[in-house]
Amino acid sequence: MSNGFDDIPFFDEEPAARPARGGHQPAPPAPAGGSTALGGIAARAMAARDQHRVPDYLSGLNPEQREAVESLDGPVLVLAGAGTGKTRVLTTRIAHILASGRAFPSQILAVTFTNKAAREMKERVGVLVGGAVEGMPWMGTFHSIGVKLLRRHAELVGLKSSFTILDTDDVVRLVKQLIQADGIDDKRWPAKQFAQMIDGWKNKGLGPAEIPEGDARSFANGKGRELYAAYQARLMTLNACDFGDLLLHPIRMFRTNPDVLREYHDKFRYILVDEYQDTNTAQYMWLRLLAQRPKGVPQNVCCVGDDDQSIYGWRGAEVDNILRFEKDFPGAKVIKLERNYRSTEHILGAAAHLIAHNEGRLGKTLFTDRTDPNDDKVQVHAAWDSEEEARAVGEEIEQLQRNQHPLNNMAILVRASFQMREFEDRFVTLGLNYRVIGGPRFYERLEIRDALAYFRLVCQPADDLAFERIVNTPKRGLGDTTVRALHDYARKRDIPMLAATADIVETDEMKPKPRKSLFDVVSMFQRWQGLLETTPHTELAETILEESGYTDMWKNDKSAEAPGRLENLKELIRSMEAFESMRGFLEHIALVMDVEQNAELDAVSIMTLHSAKGLEFETVFLPGWEEGLFPHQRALDEGGRSGLEEERRLAYVGLTRAKRRCHIWFVSNRRIHGLWQSTLPSRFLDELPVTHVEVSEADQSYGGYNRGGYGQSRFDKQEPFANTYSTPGWKRAQANKTDATRDNWGNRSGVSIERIGYGESGPKARTIDGELIAKSRIDEPSKFTVGDRVFHIKFGNGNIAGIEGNKLTIDFDRAGQKRVLDGFVEKV
DNA sequence: AGTTGGTTTGTTTTT
DNA sequence: CAAACCAACT
């Protein structure tokens, strides 16, 4: 397909003669007349407009998308539901800004959350524009843009522009030192916990002086605030930033230097933000500083987000930011994208009905025109335990594979990573290719971090954390006492530890043995620093790892992991080739902690629901829909009502990943913390509309579920439902989203979950207007009475202690008190 | 310094 | 249950 830019060169640079600063609204580059470099593109675009021809890149858009792309003046909020072409709108909008000659590439600020999203956006703009997007220097993550700003203006916040970026590991070690230095028991007050607190404060945009008194008091007998302040002071002396600082320093800088801020106001004519629902308070403040302009000056900011996909509240994301947009940017145009291009009507119907149970939504309803009678409904399956679940999913995947479905089009999305193992085990025995997305990351591995510490110290001799990490790795006989002495010496003189070491070996403060070792260390680093400018960086990297004895250390290690670690080190060197210098490489990995996977292999993807956001697959498997796991108990306990809603959004994200087929599973028994727990089906299952869902049982051959007379399906004799969601019941559910049967905690009181058990004798599921009404209710007489002696296949004998509808509380003789569904026990 | 045994602790994760 | 972490041995 052609685009509107064929053969048009794409310009990277702003013209040399930029409009003089001073006005808030610099004249745009001359759009017509062809006098500037951009004139060519603009002239073409305008010619197209004059001929009443829509530029090609706009032609495939629906009216809402097109409005979102073309509303270039003033603030715009795009509420884009799952699969409605969000990224397309964003990228086309950028293309449109460029094509209409309103801004140069370098005058557009485009912010994403992840490097992956930034990469994708760059690629897609590149395709639209038909050229490299090197010319969009301000497209990136909040953090990478923050670094860029800081490197330019480091001195304004008291840093040198060569500052290092610490990752969480470094931060924890630093905090630990501070805690110990303060004579606080670091067992009782773990450094990791405090590091998380700091991170939390920074997410909220709070410096040491601003944290709430309660927070300050709650750590280390009220020393929270001092510790935080000490931490910040230490970062300054180290010339280092943590991730939070990459946002906070620019904020502070802009606040205290209005002239600098004005410079960027002039520069950024258009601001775009992706995944706006995920912004935290600090990012919000950052954005507002850059986007808000004095009265009368257009605020060309465009935020794209979906409140229904906000799943990072636990990490400080504030959905409120999206709800507040119109207040912050008066006159904002709000555009909803609701036409879904991804999923079948059944998948969409199920997702829409589920999410309608949340309150406080901006209220979008996805729709699609496509109705294909051959489309499968969303399938709900039951299994006895997680092993059977994995086996059945594996079987289903193999079945699809036999029907020519590539494994790349299938994904298993789990709530918690421990669920992955069972699937992995199963797929290994089946010989089924799979790939785990997320999980332990390359740059976080021990050997990689050690190697990086060497490189960091060579490039930045003041990096004490790197120094401490590797002085004695490999072992050089430099123990705790030596390192502490170095530390003290350095602090006393206010110099970096490496410099201190260089000094100290000239004296006789050290005993001969450590002195010799330290001398070697110092001379090694001096040599490497000398090579930094002259030797190619990959070669230097190899030299460092060889000469330091680091590779030998692993060669001599006979543990099982050692060969893999050496392999990883080689991979590290290989990955450096793509960079110009060692400094450039270090800068990159400080921000981009992931490494790309090979897409060659045809494999099923296994990942958490969180990491699935933004992806799509033909077939999606959603295992583990059980109370306690999904919704997760902890989300419920700690987040209460809003916790539950976030879990529900997570379920929504899961469902909407599927294009054609979606299979949900729940099991009756799951091993949690080593012991078997009987589980109840997730409440989310009840929130799915029967019209779009089909319940099928595990194959009889698995035995478990139907064994011993338990659990004939209660759905066996289901009445037929209308198959669109235009039924009165669905409409009514839409109308009153508030479910009267839920109390403040999001717990359900009146309606209980569908019950498993009783075979033929069980009451039949009833439907009213397509809504599934649970057949067993609290007011319905139970077959059991308190005190009954019962038997459970997993927990053995016990006495009923309480009854709530079809949920029994039983005191088991051996297993203790449990809540189980009555279908799983029988009277003895 | 390196190993062993005992205790703890089990969501989601980016930068 | 099992991995990770820590403390106290050898």
Side-chain angles (χ1 to χ4, degrees), chain A residues 111-118 140-148 150 165-172 176 186-187 190-193 196 199-200 202-203 241-248 274-275 278-280 282-283 286 309-317 386 413-422 437-441 443-444 446 472-481 557-559 587-594 607-614 624 628-639 643 646-647 649-651 653-654 670-677:
Chain A
V111 199
T112 61
F113 267 83
T114 62
N115 292 296
K116 206 173 98 197
T141 63
F142 278 99
H143 297 268
S144 66
I145 291 169
V147 174
K148 201 158 194 166
L150 272 184
I165 302 162
L166 304 185
D167 62 30
T168 24
D169 214 78
D170 296 322
V171 169
V172 171
K176 190 166 196 164
D186 69 317
K187 297 280 126 51
K192 212 171 145 193
Q193 193 191 326
Q196 279 167 2
D199 195 52
K202 290 193 172 179
N203 283 159
C241 279
D242 62 17
F243 284 120
D245 286 341
L246 299 180
L247 294 169
L248 292 190
D274 192 14
E275 305 279 15
D278 287 338
T279 44
N280 62 36
Q283 286 157 340
W286 186 93
Q309 289 188 69
S310 155
I311 53 174
Y312 286 110
W314 51 274
R315 201 167 77 183
S386 47
L413 311 181
V414 297
R415 172 66 245 260
S417 40
F418 75 83
Q419 292 173 262
M420 293 179 182
R421 223 188 111 162
E422 207 111 32
I437 309 217
R441 283 178 299 165
Y443 294 116
E444 274 165 16
L446 177 99
N472 202 30
T473 311
K475 299 272 179 295
R476 299 188 177 97
L478 299 165
D480 242 18
T481 31
D557 189 309
K558 60 222 171 294
S559 70
E587 175 91 0
H588 171 81
I589 54 136
L591 295 169
V592 182
M593 296 294 282
D594 65 339
M607 69 188 96
T608 63
L609 285 161
H610 282 91
S611 37
K613 196 169 71 161
L629 176 59
F630 193 35
H632 199 280
Q633 192 56 47
R634 230 158 119 172
L636 260 31
D637 293 345
E638 286 163 23
E646 183 154 313
E647 294 287 293
R649 289 193 291 270
L650 203 47
V653 167
R670 193 173 286 278
R671 208 164 47 177
I672 299 166
H673 305 337
L675 31 118
W676 284 94
Q677 301 266 190

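Only a predicted model underlies this, so the values are computations on that prediction, with no experimental measurement involved. Chain letters run A, B, ... following the sequence lines, proteins first, then strands; residues in each count from 1. Both backbone and side-chain heavy atoms feed into the values below; hydrogens, waters and symmetry mates do not.
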K.L.:
To the nearest 0.5 Å, what is the distance between CD on Gln309(A) and CD on Glu646(A)?
P.N.:
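The CD atom of Gln309(A) sits 12.5 Å away from the CD atom of Glu646(A).
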
K.L.:
Would you check if the side chain of Asn472(A) reaches a backbone N or O of Leu478(A) as a donor-acceptor pair within less than 3.5 Å?
P.N.:
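A pair under 3.5 Å: yes.
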
K.L.:
Please determine whether side chain to side chain contact (heavy atoms under 4.5 Å, CB included) holds for the pair Lys202(A) and Leu247(A), giving the CA-CA distance in whole Å, both sets of side-chain angles, and the decisive distance to 0.1 Å.
P.N.:
CA-CA 9 Å; Lys202(A) 290 193 172 179; Leu247(A) 294 169; over 6 Å; no

K.L.:
Can you give me the closest heavy-atom contact between Gly624(A) and Leu629(A), atom names plus distance?
P.N.:
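Reported closest heavy-atom pair: O-CD2, 3.6 Å.
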
K.L.:
Between Leu246(A) and Leu591(A), is any pair of side-chain heavy atoms under 4.5 Å apart?
P.N.:
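Yes, close enough: below the 4.5 Å cut-off.
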
K.L.:
Does anyone know the first and last nucleotide of DNA chain C in reach of chain A, 5' to 3', at under 4.0 angstrom to a heavy atom?
P.N.:
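Range of nucleotides touched by chain A: dC1(C) to dA7(C).
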
K.L.:
Given the rule that a pair is Watson-Crick or G-U wobble with both distances under 3.5 Å, how would you write DNA chain B in dot-bracket, using | for pairs to a different strand?
P.N.:
||||||||||.....

K.L.:
Among residues at least two apart in sequence or on other chains, which ones pass side-chain contact (heavy atoms from CB on, under 4.5 Å) with Asp278(A)?
P.N.:
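Counting only residues at least two positions away or on another chain, Asp278(A) forms a side-chain contact (heavy atoms from CB on, under 4.5 Å) with Phe113(A), Glu275(A), Tyr312(A), Lys613(A).
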
K.L.:
Between dT13(B) and dA2(C), how far apart are the two P atoms, rounded to whole Å?
P.N.:
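Roughly 22 Å separates the two P atoms.
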
K.L.:
Listed by chain and number, what are the side-chain contact (heavy atoms from CB on, under 4.5 Å) partners of Ser386(A), not counting sequence neighbours?
P.N.:
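Partners of Ser386(A) under the side-chain contact (heavy atoms from CB on, under 4.5 Å) test: Glu389(A), Glu422(A), Arg670(A).
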
K.L.:
Between dT12(B) and dA3(C), how far apart are the two P atoms, rounded to whole Å?
P.N.:
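The same atom, P, in both gives a distance of 16 Å.
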
K.L.:
What closest approach, in Å, do Leu413(A) and Ala612(A) show between heavy atoms, and which atom pair accounts for it?
P.N.:
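Taking Leu413(A) first and Ala612(A) second, the nearest heavy atoms are CD2-CB, 3.7 Å.
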
K.L.:
At under 4.0 Å between heavy atoms, how does the protein contact nucleotides 9-15 of chain B? Give one character per nucleotide, 5' to 3', with B, S or -.
P.N.:
-BBBBBB

K.L.:
Taking Asp245(A) for the side chain and Leu248(A) for the main chain, is one N or O donor matched with an acceptor at less than 3.5 Å?
P.N.:
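A pair under 3.5 Å: no.
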
K.L.:
side-chain contact (heavy atoms from CB on, under 4.5 Å) with Glu647(A): which residues, sequence neighbours excluded?
P.N.:
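Here the qualifying residues are Arg415(A), Phe630(A), Pro631(A), His632(A), Ala635(A), Leu650(A), Phe684(A).
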
